[in-house]
Undergrad: 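Mind looking over this structure? Questions follow.
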Amino acid sequence: MVDFKRSILMPVLVILVCLGIDYVVPEIFNPYLQTLIAYSGINIILAVSLNLVNGFTGQFSIGHAGFMAAGAYMSAFLTMTFPHWAGPIVGLNFFFNTIAGGLLAAAAGFAVGLPSLRLKGDYLAIVTLGFGEIIRVVLLNIEAVGGARGMYGIHHSASIFWTGFWVFICCFTVTRLMNSTHGRAFLSVREDEIAAESMGVDTTKYKVRAFVISSFFAGVAGSIFAHYLCYLNPSSFAFMKSIDVVVMVVLGGMGSISGSFVAAIIITLLPEALRPLQEITTIDFRMVIYSLTLIVLMLTKPQGLFGELEISDLFRKYVKRHS
Amino acid sequence: MSALLDVKNVRVKYGNIEALKGISFTVQSGEIISLIGANGAGKSTTLRTISGLLTPVSGEVVWQGKPIHHMKPHDIVKLGLLQSPEGRGIFANLSVLENLEMGAYTRKDSKEAITKDLENVYLLFPRIKERLRQQAGTLSGGEQQMLAISRALMGRPKLLLLDEPSLGLAPQIVETIFSIIKKINSEGTTILLVEQNAFQALKISHRGYVVETGEIVLSGKGSDLLVDPKVREAYLGG
């Protein structure tokens, strides 16, 4: 009974909070800051989902942007071609298109993961990098989605509400997953593959699973990106985008959901926060300072901002120390 | 009665090197069997072949009448053959409790049954209970070995494969570990033990096999091998 109440209460609460943010944000922030908030949300989804592969399962993937592109193009294409296929409500159409985008990305993740996850470390990184680029180049050459010109005039369906909603879904899914038996299986693959096998864990299956779930959310993030910017171009999903996401995961701490969350916000906001500096000095030191900040952070905290801990762990530690 | 595990003329190669040149032995239900031999004799290779990590070039591994040598390791585990790997293979960054829970990964039965087995493990290894919340990597070598054995026990093995449980441990802890292995066996688990410490292994074994350069050169009752002049000379220091 209690569980039933909780299971109803939770989604209702989340939707209310997201609606609240959706209402409050445009009142307080100007469109520039609103965009930054939406981008933070998109990056959080990307980082948390990539953490599932890179942090928890211990596989090194640098092709996340490719899956993001697959999801972005799929959902944008659906919105453009069938604007009202799921009924007259815009938000609902966007919701289903986002899921469709995520599913295509997941399918791409499955197709990439199944043959390549037998590889390890550097080799896997190179293969995922290659596949990410393949997706981008294929999109570049499909005339139906605009090719190199890109796809423009996509309906601006992605509000702050939807961004917040998907951020929640992504974090919730990964958190619950990591606290389940499956979560422990992911960790065991990272820790010691032979020991995991001798515990009865099908390591290949788990690697593919992590990859598919992670790709799904990359596709979701892509869809939000497409419907927020209203314009898509294959060059948005180049190699550097994947690297950005990897940086977020490493900076936040491999295997910490809170870490990815915070790091995604930092990485999104830091270059923007440094803009006034450029105006004062008239030289663009922005990226230099940005890079230096990252280097200093990694030198002082090589395990990432949070290590493997979550916010809740830190809170518990704090309470323990002060009681 | 047919054997629980029947290894028939198994040959295994690492590239061009033939590590096992046709090994055959049987394990009956309820026994402790030990494979003893020097470094590089092929003991661990045998164990890794049984647990499916290696595939034999020829020969058969038969489990309760069914050939298993072409099955994947994680499927073999589901049949009830659990291995405590050499070098322990604990999950260093997980807590001790999480390690134990990983051991119960293949089990589909109730939480109560798993909790009961946890209690049983604490009875065997009181040390483990004291360290539940600790990261497994911070345990001492002996404690890690205890954890590796406990973790395998959590999977309710019919046959427990132990790869060098005495490796790198102080003599006193070795003594403890072996007495516990004997206890586990007396509670109904069949054990296949691979050891360099021939004296300790043979002392608790019902039967033993001596492995040398990929072949079994001698076999017999544990107590007989212990006094066998050839074994004494080669492995027990005369």
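Here is how names work: the chains are called A, B, and so on, in the same order as the sequence lines, proteins then strands, and each is numbered from 1.
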Undergrad: Quick one: pull up CD in A/Glu191 and CG in B/Leu94 and give me the separation to the nearest 0.5 Å.
TA: 5.0 Å
Undergrad: Is there side-chain contact between A/Tyr206 and B/His74, with at least one heavy-atom pair below 4.5 Å?
TA: no
Undergrad: If you measure from NZ on B/Lys78 to CG on A/Asp202, what distance do you get to the nearest 0.5 Å?
TA: 6.5 Å
Undergrad: Around atom CG of A/Leu299, are there more than 12 heavy atoms from other residues, nucleotides or ligands closer than 6.0 Å?
TA: yes
Undergrad: For B/Tyr105 and A/Gly200, work out which heavy atoms get closest and say how close.
TA: CE2-O, 3.5 Å
Undergrad: Which members of residues 39-57 of chain B, sorted by number, sit under 4.5 angstrom from chain A on a heavy-atom basis?
TA: B/Arg48, B/Leu53
Undergrad: Please identify, among A/Glu197, A/Glu308, A/Lys205, the residue contributing the most non-hydrogen atom pairs under 4.5 Å to chain B.
TA: A/Glu197
Undergrad: Is the CZ atom of A/Phe110 crowded by more than 12 outside heavy atoms at less than 6.0 Å?
TA: no
Undergrad: Could you pull out the closest heavy-atom pair between A/Ala195 and B/Gly89, with the gap in Å?
TA: CB-O, 3.0 Å
Undergrad: Within a radius of less than 6.0 Å around OH of B/Tyr14, do more than 12 heavy atoms belonging to other residues, nucleotides or ligands occur?
TA: yes
Undergrad: Distance from A/Met199 atom CE to B/Arg151 atom CZ, nearest 0.5 Å?
TA: 4.0 Å
Undergrad: What pair of heavy atoms forms the shortest contact from A/Arg184 to B/Glu98, and how long is it?
TA: CD-O, 3.8 Å
Undergrad: Within a 6.0 Å radius of atom CZ on B/Arg127, are there more than 12 heavy atoms belonging to other residues, nucleotides or ligands?
TA: no
Undergrad: Would you give the length of the straight line joining atom OG of A/Ser188 to atom CG of B/Asn99, rounded to the nearest 0.5 angstrom?
TA: 9.5 Å
Undergrad: Can you tell which of A/Ile194, A/Thr203, A/Asp192, A/Val201 has the highest number of heavy-atom pairs within less than 4.5 Å of chain B?
TA: A/Val201
